[in-house]
Amino acid sequence: MSSIMMIGTGYVGLVSGACLADFGNRVICYDIDKTKIDKLAKGRIPFFEPGLEEMVLRNQDEGRLSFSTDLASSVAESEAIFIAVGTPEQDDGTADLSAVYAVAEDIGRTMKGFKVIVQKSTVPVGTTRKLGATIRAKAGAGADFELVSNPEFLREGSAIDDFLHPNRVVFGFSGPRAYEVVEEIYHPLYANGTAILSTTLESAEMVKYASNAFLATKVSFINEIAELCEKLGADVQVVARGMGMDSRIGPKFLHAGTGFGGSCFPKDTIALVKMGDAFGVDMSLVKSTIGANERQSRRAVDKLRRLCGGSVKGLRIAVLGLSFKPETDDVREASALKIIRHLWEEGASVIAYDPVAGENAKRALPGLDLAGGVEACIKGADGLVIATEWDEFRQLDLSRVAGLLGRKRIVDCRNVYRPEQMEELGVAYDSFGRRSVEP
Ligand code: NAD
């Protein structure tokens with residue numbers, strides 16, 4: 001059993017902390033946000049993630065997981081210190097590393113004896129090594145520590161399962177003593193034969209950016225193919241299935257729609273371009289991926305405008321789904337929010353519903369009109385946009401939907417339904433990369 005401090009209790013820190021406690025480690029989760037820590041200590045989870053509450057409560061009850069705002073005592077009690085603070089995009093596209101460096105100074109000021117510092121935040125290549133210099137500058141030349149880069153690949157919405165049963169785990173090490181500590185912490189994954197890559201700090205950091213940029217490129221690629229399918233009468237879902245049957249390509253991340261969002265792909269792709277700029281490498285593919293993605297939410301509004309006869313001005317549009325994907329309340333870079341902003345700009349009014357992300361969306365878009373359920377949202381609306389493919393929106397009674405809508409027009413941003421179903425119901429319908437049903 002190892003003793004761990006997890007600095008930052010957001011999506012990554014809290015999930016990682018709870019799961020590492022579940023592996024049998026003793027974990028102290030620390031955050032500068034005292035309100036968050038107070039709530040967590042009382043068993044209140046600050047965001048929606050399936051299975052997380054149960055796991056936090058169980059590990060708290062069993063005495064392996066605790067919450068603290070006392071930096072010095074948490075550092076003193078922990079052999080390994082994980083950093084999982086935010087690294088958001090700055091105005092110029094580079095990653096904001098202020099929280100990461102603030103934490104490095106905190107660790108340097110308070111550490112005594114040997115520590116393993118594990119970087120879980122997504123940081124530009126070279127950052128973990130620089131953190132070492134920051135820690136040493138505060139702790140003194142004799143400071144005894146080793147560094148690990150341990151990028152996190154969990155997906156919001158299935159974060160617990162992703163952490164417990166990962167496709168792979170990547171570690172970059174600065175020295176051999178860190179390896180022993182990490183092996184002990186992650187013992188269940190070493191024991192069950194999980195694919196584990198041990199490498200240098202820099203390669204580990206790059207694996208994270210390269211993986212995210214590659215998946216984002218798959219999404220933008222299929223969206224570009226989808227646009228061409230619409231012109232040429234092909235069906236992108238069939239095309240994607242045919243492509244995915246090739247094991248060299250695989251079926252994942254080939255879903256046409258309004259593109260990628262969330263807290264990672266948008267900021268990590270632009271940060272990679274900026275890394276290239278800093279070292280004179282033109283990341284032209286990644287730039288194209290970002291550019292193609294930026295067009296997608298606008299394309300959804302183009303489709304709706306066309307179904308509405310050329311303008312949405314003065315119309316009341318219902319939007320189903322606000323989170324950037326199902327099973328999360330995270331609305332960072334959600335295409336639903338971009339679509340709503342475009343609709344407002346064009347003079348439409350919007351009423352929206354999401355099973356869990358409504359309040360977060362309202363914080364991002366003050367003035368957003370929220371409905372309490374699907375029926376209240378769509379009743380009497382002049383058009384409907386299905387923006388996120390929550391299961392609840394995959395199982396709609398379409399004839400009831402058609403009956404409730406004031407005007408039967410649907411833009412399906414996630415290709416949840418089939419044009420034939422809409423044709424039968426007399427609904428004007430458009431999706432991505434498939435034939436439309438004209439009014
Ligand atoms: P988040 O914004 O949800 O949480 C960050 C937490 O860090 C907050 O609770 C904040 O209060 C805390 N914090 C900030 N400064 C601090 C400081 N000086 N000391 C202590 N705590 C501090 O962020 P997140 O989504 O969990 O992402 C964390 C990192 O993990 C980012 O680098 C992100 O790119 C990466 N990541 C995120 C995901 C994801 O799906 N969210 C997946 C993989 C990797």
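Note that this is a predicted model, so its numbers are computed, not measured. One-based numbering, in listed order, for ligands and for the atoms of each.
Residues with a heavy atom under 4.0 Å from ligand 1: I7, G8, T9, G10, Y11, V12, Y30, D31, I32, D33, K36, A84, V85, G86, T87, A99, V103, S121, T122, E152, L154, E156, K208, S263, C264, K267, R332.
The closest side-chain donor-acceptor pair between D162 and S158 falls under 3.5 angstrom. For the residue pair W344 and S349, no side-chain donor N or O sits within less than 3.5 Å of a side-chain acceptor on the partner. Side-chain N/O atoms of R155 and Y11 include no donor and acceptor closer than 3.5 Å. Between the side chains of Y186 and N150, at least one donor N or O sits under 3.5 Å from an acceptor N or O.
If you run side-chain contact (heavy atoms from CB on, under 4.5 Å) between I83 and each of M6, K120, Q119, only Q119 comes through.
Listed by chain and number, the residues in a side chain to side chain contact (heavy atoms under 4.5 Å, CB included) with D92 are Q90, T94 (sequence neighbours excluded).
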